[in-house]
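Presented below is the structure to which this report refers.
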There are 2 protein chains.
Amino acid sequence: MEIRELKLHMKIEDEIKQSAFRSEYHKAYINLVYTSGYLEQAQAALFKPFGITLPQYNILRILRGQHPKPATISLLIERMLDKTSNASRIVDKLEAKELVTRKQCPSDRRTVDVLITEKGLELLRQMDGLEGGKGTGITNLTDQEAVQLNALLDKIRD
Amino acid sequence: MEIRELKLHMKIEDEIKQSAFRSEYHKAYINLVYTSGYLEQAQAALFKPFGITLPQYNILRILRGQHPKPATISLLIERMLDKTSNASRIVDKLEAKELVTRKQCPSDRRTVDVLITEKGLELLRQMDGLEGGKGTGITNLTDQEAVQLNALLDKIRD
DNA sequence: GTACATTAAATGTATGTACATATATTTGCA
DNA sequence: TGCAAATATATGTACATACATTTAATGTAC
């Protein structure tokens, strides 16, 4: 694992043992995927002591935003960052940990009311402050550089 | 799915239904993870007709780089972009598709010689050209912007 | 030269994504 | 009204990651 630590302080050319990139685009592409993976890993490490994963955390945050109103699975899917994911199964895990409750909605029996519990709210309170990539390296950027990065990323998805 | 398509043309503020970011850092963090996911999804779509996944493709490329020498699993792990992944099982899948062969190394019977087959080389030949993020949006950047992006990403991981 | 540590690979378990399908319920329209 | 389409959720399968453990082979220290 110390090799891995070392690697984190190298440029992308060194990190990937593949000497030449065809273009800056190609390099940027690899760099982006690589950096994102790096950030996700860093965040997963921050989350580990709290016993939940990033997708579970994202769901909990959406539920806190709704609280004390319940959310349906559809609403969770709509608001989740991570694509058309399986909110149903993530809610399963949260339910098993008693961080949320799930019950059939009376007015539309197809839908399910998902509610964050007091235990869930308390967990989020404990976790407040370590989100947003703090401690993951993103704060190596100046504020202006962060603005610049946002503009570049937006352009990629245009 | 058309909603998803629409979303791809919006800024990150609109894409995530969460009105305010605490800081440009926070926004950049989310933006990075989101954009990377977007690029991976785009690339997965490009790969689908060829019947292999991105990790499988990465392994095949490393093996082509070694060809005609074999590679051990350790070497594959060392060179793979994606963390301490399970190269063993990815090689399983490639072996099942007859794109690689695997046999015990005589000199050190702990290690395994993994070799790309002619079928594997032929597949890579067919796939050459669609790698490097081409067609995934990264080429929306100018060459100079790509350089800028690379510098910013490197700084994050410093 | 035997015991212990290290290394290489494989395997098991939990989690998550992607995609397809199943099931129940509601809506809408003929 | 009644039946088909749409909607909400759940489930099954394939694939991958993360992490821990297992098994076999090799190295090393005494």
Side-chain angles (χ1 to χ4, degrees), chain A residues 1 3-4 33-34 36-59 70-78 80-97 100 102-114, chain B residues 1 3-4 33-34 36-59 70-78 80-97 100 102-114:
Chain A
M1 279 305 115
I3 289 171
R4 171 138 226 101
V33 173
Y34 188 90
S36 169
Y38 161 68
L39 289 175
E40 275 177 23
Q41 221 177 333
Q43 188 159 66
L46 290 178
F47 276 20
K48 210 178 171 187
F50 298 97
I52 61 171
T53 63
L54 184 61
Q56 289 170 12
Y57 173 77
N58 286 332
I59 295 255
T72 61
I73 299 286
S74 304
L75 185 137
L76 295 178
I77 290 172
E78 193 186 312
M80 276 173 70
L81 276 188
D82 301 313
K83 32 243 154 193
T84 61
S85 150
N86 213 326
S88 213
R89 275 181 273 226
I90 298 177
V91 170
D92 284 349
K93 307 293 159 55
L94 293 172
E95 198 179 15
K97 291 170 195 157
V100 308
R102 174 156 51 179
K103 70 167 198 287
Q104 201 179 46
C105 170
S107 66
D108 183 342
R109 282 182 305 174
R110 286 172 305 181
T111 72
V112 167
D113 280 348
V114 185
Chain B
M1 282 303 115
I3 290 172
R4 174 139 223 100
V33 173
Y34 187 89
S36 170
Y38 161 66
L39 289 175
E40 275 177 24
Q41 222 177 335
Q43 187 158 67
L46 291 178
F47 276 20
K48 210 177 171 188
F50 298 97
I52 61 170
T53 63
L54 185 60
Q56 289 171 11
Y57 173 77
N58 286 332
I59 295 253
T72 62
I73 299 286
S74 304
L75 185 137
L76 294 178
I77 290 172
E78 195 187 311
M80 276 173 71
L81 275 188
D82 301 313
K83 30 244 155 196
T84 61
S85 149
N86 213 324
S88 211
R89 275 182 273 226
I90 298 177
V91 169
D92 284 348
K93 306 294 160 56
L94 292 171
E95 198 179 15
K97 291 170 194 156
V100 307
R102 175 157 50 180
K103 71 166 196 288
Q104 202 179 45
C105 171
S107 66
D108 182 343
R109 280 182 306 173
R110 286 173 305 181
T111 72
V112 166
D113 281 347
V114 185

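Remember, it's a predicted structure, so these values are computed and weren't measured experimentally. Letters go in sequence order (proteins before strands), and every chain restarts at 1.
Fit an axis to the five pairs at each end of the helix from C:dG1-D:dC30 to C:dA30-D:dT1 and the two axes sit 0° apart, to the nearest 10 degrees.
Residue A:R89 holds its CZ atom at 14.5 Å from CG of A:L94, rounded to the nearest 0.5 Å. One finds the CD atom of A:Q56 at 9.5 Å from the CG atom of A:L54 (value rounded to the nearest 0.5 Å).
Under the 3.5 Å distance criterion, the side-chain polar atoms of A:K97 are matched with a main-chain donor or acceptor of A:G51.
In this structure B:R109 satisfies the side-chain contact (heavy atoms from CB on, under 4.5 Å) test together with B:Q104, sequence neighbours excluded. Remark: A:T53 engages no residue in a side chain to side chain donor-acceptor pair (under 3.5 Å) (not counting sequence neighbours). Residues satisfying the side-chain contact (heavy atoms from CB on, under 4.5 Å) criterion with A:R110, sequence neighbours excluded, are A:D108.
One can place CD of A:E78 at 11 Å from P of D:dT9, the figure rounded to the nearest angstrom. A straight line from CG of B:L54 to C1' of C:dA18 spans 14 Å, rounded to a whole angstrom. Between the P atom of C:dG16 and the CD1 atom of A:I77 lies a distance of 15 Å, rounded to the nearest Å. Between the C1' atom of D:dA10 and the NZ atom of A:K103 lies a distance of 19 Å, rounded to the nearest Å. For A:F47 and C:dG16, the CZ to P distance is 12 Å, given to the nearest whole Å. One interatomic measurement links the two molecules: CG of A:D113 to P of D:dT9, which rounds to 9 Å at whole-angstrom precision. Going from atom CG of A:L39 over to atom C1' of D:dT17 covers 17 Å, rounded to whole Å. For the pair A:I90 CD1 and D:dT9 C1', the computed distance is 14 Å after rounding to whole Å.
Proximity of A:R109 to the phosphate of C:dT26: a side-chain N or O atom is located under 4.0 Å from OP1 or OP2.
Counting all heavy atoms, side chain and backbone alike, A:V112 lies closest to A:R102 at CG1-CG, 2.9 Å. Minimum interatomic distance between B:A87 and B:L76 (heavy atoms only, all atoms of both residues): CB-CB, 4.4 Å. Between B:I90 and B:I59, the shortest heavy-atom contact is CG2-CG1, 4.0 Å.
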Give me the distances for all protein-to-nucleotides 2-7 of chain C N/O pairs that come in under 3.5 Å?
from  : atom 1 : to     : atom 2 : distance (Å)
C:dT7 : O2     : B:R110 : NH1    : 3.2

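Of the two residues contacting DNA chain D, namely A:D108 and B:I52, the nearest-nucleotide position lying further toward the 5' end is that of A:D108.
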Could you run down nucleotides 10-15 of chain C 5' to 3' and tag each one B, S or - for protein heavy-atom contact under 4.0 Å?
SBBB-S
